Asks: 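Submitted below is the structure of interest, expressed as structure tokens.
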Amino acid sequence: MTTLSRPDAARNASPYLYGAEAEAVARVLADGQYGHNEVTEEFERQVAAFLGVPDAVAVTSGTAALHTALTAAGIGPGDEVIVPSLTFCATVQAVLAVGAEPRFVEVDPRTLCLDHEIVRDALTPATRAVVPVLFGGRAVDLTPVQAVLAERGIVVVEDAAHAFGSHGPNGRVGATGDLTCFSFGPIKNLTCGQGGIVIPRTPREAEDVRRFRLLGVVQSQAERATLTGYQVDGYGLRYQMSAINAAIGLAQLPRFTTTEQARRTLWSAYRDALTDIEEVALVDVDADRSVPHLCQIRIPGRDKVFHALKASGIGVGVHYPPNHLQPAFARWHRPLPATERLGREILSLPFHQHMTQDDVDQVVTALRHVLTTRVRS
Ligand SMILES: *Cc1c(COP(=O)(O)O)cnc(C)c1O
């Protein structure tokens, strides 16, 4: 168990390129215009068409998408934003970027996602937004609290960084009417190299989002026609997606069916291989409807298992250390016992499209080996 016969099992995550991406980037470079341009706009149109939504606004990252969406939703200083502690730190940093206060909450240990009861219990008079994280690609259904949220003017901004292509009980993620943010970072379900996209709720919101990602500069043709130079209309940052990144996404998108199948097959292979290991609880990503982004298990004594698997060359990871325990977020700490326990038990197995059934077998064999030696010692 000390030699690693399958190098792909050594990586927890890995970008997957189909080959067409390099050519697409070369075309953009040869063209000589590689800032934000019509290639980016074509990517926006194709993502919108894929999701079945009227519009999509491409930005430089998933973090930028969240920052932009929270800004467009009017969230700012003094506002409280409900956010699960168990998420990538980017979700929290985006809340802080708009000057709002994160209110950390628990997740359902079975799914690692928020549910409507958790949200209902966390509402305060200062709550202005909820950011559900679609963990592992799983959709979060807040329908039972929707009326309460609407009545109080609370916005739902979905962190769907894991969930490009997933469906939930109410339809495709991004197309259910909420303000939704996707990431197209290197290891996400679809990659642009780096990138993200905001799915706005209305044409007006789309305009705000476009203005924000272009340094607050006036965008409409009609307005621009009357100007010499440009006009800055509000606060904004340099968040537009370049044509280089968009070209990568445009090359990936037509191949997404392959991505989707590969990820489902891989997740199911793990599920089948893990069924008879008693100590292991598999996190339920709703694989029939989701495009799985991670394969996570819960296991008591995780740290020992983590180190032993690392030592045998298996690329395990932890998604994620709870944010309410991070030094930078100490001001917003509140006791979250379920999340703290998850923080000690979650383990992400290698999960990426280079992996084969043999890789899965090697990972699970190594896991079994670690567990049996642990029991004996
Ligand atoms: C990746 C990720 C983000 C941020 O996306 P970037 O493109 O890396 O900025 C936000 N939230 C979650 C849950 C993520 O996994």
Side-chain angles (χ1 to χ4, degrees), residues 18 20-21 24-25 27-28 34-73 131-132 134 137 139-140 155-168 170-185 188-214 219-221 236 239-260 289-291 293:
Y18 286 94
E21 295 86 352
V25 169
R27 269 199 305 275
V28 169
Y34 43 75
H36 177 103
N37 65 23
E38 64 281 354
V39 178
T40 316
E41 281 158 21
E42 180 59 20
F43 179 61
E44 291 177 337
R45 274 193 296 276
Q46 290 202 16
V47 169
F50 174 86
L51 297 174
V53 295
D55 203 358
V57 185
V59 293
T60 48
S61 70
T63 312
L66 287 164
H67 183 193
T68 303
L70 287 164
T71 304
V131 184
L134 282 60
V140 176
V155 186
V156 175
V157 178
E158 286 190 312
D159 181 343
H162 294 180
F164 189 76
S166 287
H167 286 78
N170 304 321
R172 201 192 269 282
V173 171
T176 57
D178 286 324
L179 190 47
T180 304
C181 301
F182 293 103
S183 163
F184 302 131
K188 297 295 165 49
N189 289 355
L190 184 106
T191 187
C192 288
Q194 293 283 0
I197 212 158
V198 179
I199 311 303
R201 294 168 298 177
T202 62
R204 176 68 208 279
E205 193 164 67
E207 209 172 286
D208 290 346
V209 165
R210 288 203 162 86
R211 191 165 304 198
F212 184 79
R213 68 143 185 210
L214 183 61
Q219 280 256 283
S220 90
Q221 296 288 352
Y239 273 174
Q240 319 108 282
M241 180 187 279
S242 79
I244 298 172
N245 295 109
I248 298 173
L250 275 171
Q252 291 241 312
L253 197 54
R255 293 159 179 89
F256 195 76
T257 321
T258 309
T259 299
E260 197 171 333
R289 285 188 292 210
S290 299
V291 178
H293 177 62

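The basis for the numbers below is simple: all heavy atoms, side chains too, and nothing from hydrogens, waters or symmetry mates. No experiment lies behind these values; they were computed from the predicted model shown.
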Asks: Could you tell me which non-hydrogen atom of V173 sits nearest to which non-hydrogen atom of T180, and how far apart they are?
Replies: CG1-CG2, 4.4 Å

Asks: How long is the span from the OG1 atom in T259 to the CG atom in L190, to the nearest 0.5 Å?
Replies: 7.0 Å

Asks: Taking the basic N atoms (NZ, or NE/NH1/NH2) and the acidic carboxylate oxygens, is any pair closer than 4.0 Å for R172 and E260?
Replies: no

Asks: Ring pair (Phe, Tyr, Trp, His ring centres under 6.0 Å): which pairs involve residues 50-69, sequence neighbours left out?
Replies: F50-F164, F50-F256, H67-F212, H67-Y239

Asks: What's the spacing between Q252 CD and E21 CD if we round to 0.5 Å?
Replies: 4.5 Å

Asks: My understanding is that only residues two or more places apart in sequence, or in another chain, count here; which of them pass ring-ring contact (aromatic ring centres under 6.0 Å, His included) with Y34?
Replies: none

Asks: Identify the two heavy atoms, one from A243 and one from T40, that lie closest to each other, and give their separation to 0.1 Å.
Replies: N-OG1, 3.6 Å

Asks: Quick one: are S166 and V291 in side-chain contact, heavy atoms under 4.5 Å?
Replies: yes

Asks: V156 and side-chain contact (heavy atoms from CB on, under 4.5 Å): which partner among T176, D178, L179?
Replies: D178

Asks: Per the side-chain hydrogen bond (donor to acceptor under 3.5 Å, both in side chains) rule, what does the pair list look like for residues 47-62, sequence neighbours excluded?
Replies: D55-R210

Asks: Charged N to carboxylate O below 4.0 Å: is that the case for E207 and R211?
Replies: yes

Asks: Rounded to the nearest 0.5 Å, what separates atom CG in D208 from atom OG1 in T202?
Replies: 7.5 Å

Asks: Which heavy atom of G137 sits nearest to which heavy atom of S290, and what is that distance?
Replies: O-OG, 3.2 Å

Asks: Would you name the heavy atoms of N245 and S242 that are closest together and state the gap between them?
Replies: OD1-OG, 2.8 Å

Asks: Taking all heavy atoms of T191 and all of G185, pick out the closest pair and write down the distance.
Replies: OG1-O, 2.9 Å

Asks: Among all residues two or more places apart in sequence or in another chain, which pass the side chain to side chain contact (heavy atoms under 4.5 Å, CB included) test with A20?
Replies: A251, R255

Asks: For Q46, which residues count as a side chain to side chain contact (heavy atoms under 4.5 Å, CB included) partner, sequence neighbours excluded?
Replies: E42, L250, L253

Asks: Output side-chain donor-acceptor pairs under 3.5 Å for residues 192-201, partner residues at least two apart or in another chain, one line each.
Replies:
residue: R201; atom: NE; partner: E205; partner atom: OE1; Å: 3.1
residue: R201; atom: NE; partner: E205; partner atom: OE2; Å: 3.3
residue: R201; atom: NH2; partner: E205; partner atom: OE2; Å: 2.6

Asks: Tell me the closest heavy-atom pair linking N189 and H162, and the distance in Å.
Replies: ND2-O, 3.2 Å

